[in-house]
**Student:** 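Before we start, here is the structure in question, set down as structure tokens.
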2 protein chains.
Amino acid sequence: MLIQIDYQSDVPIYVQLTNQIIEGMASGELKPGEPLPSVRALAADLGINLHTVNKAYTHLKQEGFIQVHRQRGALVRPDPMPPADEAFRSRLESQMRPIVAEAVCRRMDEADFLDMCRRIYRHFTKEES
Amino acid sequence: MLIQIDYQSDVPIYVQLTNQIIEGMASGELKPGEPLPSVRALAADLGINLHTVNKAYTHLKQEGFIQVHRQRGALVRPDPMPPADEAFRSRLESQMRPIVAEAVCRRMDEADFLDMCRRIYRHFTKEES
DNA sequence: TGACTGTTCTATTTGTAATATAACAGTTGT
DNA sequence: ACAACTGTTATATTACAAATAGAACAGTCA
């Protein structure tokens, strides 16, 4: 899977990495149980520090996206994620609220906005990548 | 308008402040042309530093949400915001992509996800606050 | 044995967030 | 004229996060 880091972005590298792995899982580009590169290999590949990759892996592990075996490496969670519970939906909504507010201020009407949401959703689910 | 700062949040104070003002504008709680509290008054009201409020105002000004007159204070942009252009839509999509990916991983189906999007949107536009 | 795995430790550098204090320059109201 | 207010600017400090660096540990595996 191809990973692109934007060093000019104000988004921290480890967050960019975390997001892209989650997006890979959502699109099906990363299959359940699939092994991930070692922290050293991925760091070398991206030209960043091993600890930065490790930070991303640690976050992904804490949120259940990946499994990490201390001497065998990291792999994509082999079984499906737990379905969205109330805590998750609440967190999701908090993250979306300011974004939606901006869209409203910029006069995107409901249909236009929902079209965009639908398009992004299908970008992940349609034809599995 | 009531503003609530969460000091335990990992979201910077000035970002929380920026977001809440944008949300106030989206919901209609803040009317076009309405004056905002001075940086000193709002800082004192919230128990934070004047520079933190000023940072939020500066960001809001740069993105066109408010107008700032050097000696008269800040006010909500009196005329409507420019409609969403391609640059804005692109930025919006970049912000939403990782959030949507999480929702897909957590097995929210399309209808469920779009319902949430619609509910958030209407929270701002329905009955103008 | 040797190459690999994630993990842990200490350390440094860099940048941002938030605070504090002070001053400036231009209204505005008395 | 005066005082009170406005955003702005400057300097400084504290605290913390991001990213890097180098080294070591403990277990796996061919």
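Lettering of chains follows the sequences in order, A, B, ..., and the numbering in each one begins at 1.
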**Student:** Tell me every residue that passes side-chain contact (heavy atoms from CB on, under 4.5 Å) with A:Ser9, counting only those two or more places apart in sequence or in another chain.
**Tutor:**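 side-chain contact (heavy atoms from CB on, under 4.5 Å) check on A:Ser9 returns A:Asp6, A:Val11, A:Gln16.
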
**Student:** List the protein contact pattern of nucleotides 20-30 of chain D with one symbol per nucleotide (5' to 3'): B for base contact, S for sugar-phosphate-only contact, - for none; contact means a heavy-atom distance under 4.0 Å.
**Tutor:** BBB-B-BBSS-

**Student:** Using the heavy-atom set of chain B and a strict 4.0 Å cut-off, write down the first and last nucleotide of DNA chain C that makes it in, 5' to 3'.
**Tutor:** C:dA17 to C:dT28

**Student:** Using OP1 and OP2 only, check whether a side-chain N or O of B:Tyr57 sits under 4.0 Å from D:dG7.
**Tutor:** no

**Student:** Mind checking what makes ring-ring contact (aromatic ring centres under 6.0 Å, His included) contact with B:Tyr14, not counting sequence neighbours?
**Tutor:**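 Testing B:Tyr14 for ring-ring contact (aromatic ring centres under 6.0 Å, His included), a comparison that skips the adjacent residues, returns B:His59.
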
**Student:** Could you give all pairs that pass the salt bridge (charged side-chain N to carboxylate O under 4.0 Å, His left out) test and reach residues 83-94 of chain B, with sequence neighbours left out?
**Tutor:**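 Passing the test, one end in residues 83-94 of chain B: A:Glu102-B:Arg91, A:Arg106-B:Asp85, A:Asp112-B:Arg89, A:Arg119-B:Glu93.
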
**Student:** Name the atoms and distances for all side-chain donor-acceptor pairs under 3.5 Å in residues 34-47 of chain B, with sequence neighbours left out.
**Tutor:**
{"residue": "B:Glu34", "atom": "OE1", "partner": "B:Lys31", "partner atom": "N", "Å": "2.8"}
{"residue": "B:Ser38", "atom": "OG", "partner": "B:Ala41", "partner atom": "N", "Å": "3.0"}

**Student:** Once ring-ring contact (aromatic ring centres under 6.0 Å, His included) is applied, what residue pairs with a partner in residues 73-99 of chain A remain, sequence neighbours excluded?
**Tutor:**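 Non-adjacent pairs meeting ring-ring contact (aromatic ring centres under 6.0 Å, His included): zero.
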
**Student:** Please list, chain by chain and in numerical order, all residues satisfying ring-ring contact (aromatic ring centres under 6.0 Å, His included) with A:Tyr121, sequence neighbours excluded.
**Tutor:**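 Testing A:Tyr121 for ring-ring contact (aromatic ring centres under 6.0 Å, His included), a comparison that skips the adjacent residues, returns B:Phe113.
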
**Student:** Take the protein atom CD of A:Gln16 and the nucleotide atom P of D:dA18, then report the distance between them rounded to whole Å.
**Tutor:** 13 Å

**Student:** Clusters formed by hydrophobic residues whose side-chain heavy atoms approach within less than 4.5 Å: which one holds B:Leu2, and what are its other members?
**Tutor:** none

**Student:** In chain order, what residues pass the salt bridge (Lys or Arg N to Asp or Glu O under 4.0 Å) check against B:Asp115, with sequence neighbours excluded?
**Tutor:** B:Arg118

**Student:** Show me the dot-bracket string of DNA chain D, counting Watson-Crick or G-U pairs under 3.5 Å, with | for pairs to another strand and [ ] for crossing ones.
**Tutor:** |||||.|||||||||||||||||||.||||

**Student:** Quick one: does A:Arg107's side chain have a donor or acceptor within less than 3.5 Å of a partner on B:Met81's backbone?
**Tutor:**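 Here the side-chain-to-backbone pair exists.
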
**Student:** Which pairs pass side-chain hydrogen bond (donor to acceptor under 3.5 Å, both in side chains) with one or both residues in residues 69-84 of chain B, sequence neighbours excluded?
**Tutor:**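 Residue pairs with at least one partner in residues 69-84 of chain B: B:Arg77-B:Asp79.
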
